[in-house]
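The block underneath contains the structure these notes are about, expressed in C-alpha cells.
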Amino acid sequence: RRRYLLAPLAKRVRGRLPRRGELSGRAARVISHLATFSPEGRGDQRRVVDNGVVIDVDPAWFEEMVTSALDGLPEELGRLMSNVAVTVEHDAGPPGLLGLYQGVPLTSRTTGYAGVLPDRITIYRQAICAASRSEQEVADQVRRTVIHEVAHHFGIDDARLRELGW
C-alpha cells in the first residue's frame with residue numbers, strides 16, 4: 001500500500017525555480033547546514049543492515065514521521081522544491097534501499113522541462129523499521145532518509161553527500 005504525502009509539500013513548492021547553476025551551491029550549503037543539527041544524523045543511506053528484529057511502527061505514525069522530517073527542512077529549501085511528490089511505501093522496497101528519488105533533479109531541468117509527471121521520493125517503511133532497534137531510531141532514520149532523497153532532488157549525488165558527511 002502506498003500513501004501520498006502531498007499536503008506537507010504544498011506550502012513549500014510555491015515560488016520561483018532557481019536559475020541554472022545557482023542551485024547546487026545553495027542546496028549543498030543548506031544540506032551541509034542540516035548536518036550540524038544532529039551529528040548522529042550522518043551516514044550513508046545505502047548501507048542497510050537488518051538487525052534481526054523488526055520494529056513495528058504503525059503506518060499512520062510512520063507517515064507522521066515523514067511529514068515531520070519534511071516540515072523540519074529549512075524554509076528556503078522547501079521553497080525551492082518543485083514538482084515533487086513524497087510517498088511512503090509500506091511494503092518491502094528494493095533490497096538495500098531505505099528511500100528512492102526518481103525524477104529530473106532541479107539542476108538538470110532546462111526551459112524544455114514542462115508537462116512532466118512529478119518527481120517522486122519514496123520512503124520505504126519496512127526497510128527503515130528492519131534497520132532500526134527502537135522507535136526513536138526509526139524517527140532518526142526517517143529524517144536522514146528524507147534529507148538524503150531531497151538532496152538528490154536538488155542534484156546532489158551520493159558521492160557529494162558523503163563529502164558533506166551524509
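Within the 4.5 Å cutoff, the side chain of V142 has heavy atoms near those of the I128 side chain. L98 has its side chain out of reach of R144: every pair of non-hydrogen atoms, C-beta onward, lies at least 4.5 Å apart. For the pair I121 and V84, the minimum side-chain heavy-atom distance is below 4.5 Å. Taking 4.5 Å as the limit, some side-chain heavy atom of P59 sits within range of a side-chain heavy atom of R125. At a threshold of 4.5 Å between non-hydrogen side-chain atoms, the residues D58 and F62 do not count as touching.
Between T145 and E149, the side chains place no donor N or O within less than 3.5 Å of an acceptor N or O (distance only, hydrogens not considered). D91 and Y124 are not linked by any side-chain donor-acceptor pair at a separation below 3.5 angstrom, with hydrogens and angles left out of the test.
Listed by chain and number, the residues in a side chain to side chain donor-acceptor pair (under 3.5 Å) with Q102 are R120 (sequence neighbours excluded). Scored by the salt bridge (charged side-chain N to carboxylate O under 4.0 Å, His left out) test, E135 finds no partners at all (sequence neighbours excluded).
Shown here for G155 and T107, the closest heavy-atom pair between the two residues is CA-OG1, 3.4 Å. When every heavy atom of A131 is checked against every heavy atom of E137, the shortest pair comes out as O-OE1, 4.3 Å. Taking all atoms of both residues into account, the shortest heavy-atom contact from I55 to S132 is CG1-O, 3.3 Å. Closest of all the heavy-atom pairs between A85 and P118 is N-CB, 4.2 Å. The two residues L117 and N83 come nearest to each other via the heavy atoms O-ND2, 3.6 Å. Contact detail for H90 and Q126: the closest heavy-atom pair is O-CG, 3.2 Å.
With S68 contributing its side chain and E64 its backbone, the two residues share a donor-acceptor pair below 3.5 Å.
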| query | Can you list the steps and then say if C129 with D56 is a side chain to side chain contact (heavy atoms under 4.5 Å, CB included)? | reply | CA-CA 7 Å; C129 289; D56 187 25; over 6 Å; no
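For the atom pair CZ of F154 and OG of S82, the computed distance is 9.5 Å after rounding to the nearest 0.5 Å. L77 contributes atom CG, which lies 9.0 Å from atom CD1 of I147 (distance to the nearest 0.5 angstrom). One finds the OG atom of S134 at 7.5 Å from the CG atom of D140 (value rounded to the nearest 0.5 Å). Here the NE2-CD1 distance, from H148 to I123, works out to 10.0 Å after rounding to the nearest 0.5 Å.
Looking at R160 and E163, a side-chain N of the basic residue comes within less than 4.0 Å of a carboxylate O on the acidic one, giving a salt bridge. Between D119 and R109, at least one side-chain N (NZ, or NE/NH1/NH2) sits under 4.0 Å from a carboxylate O, which counts as a salt bridge.
Ring geometry, H152 versus Y101: the interplanar angle falls from 30° to 60°, so the pair is classed tilted.
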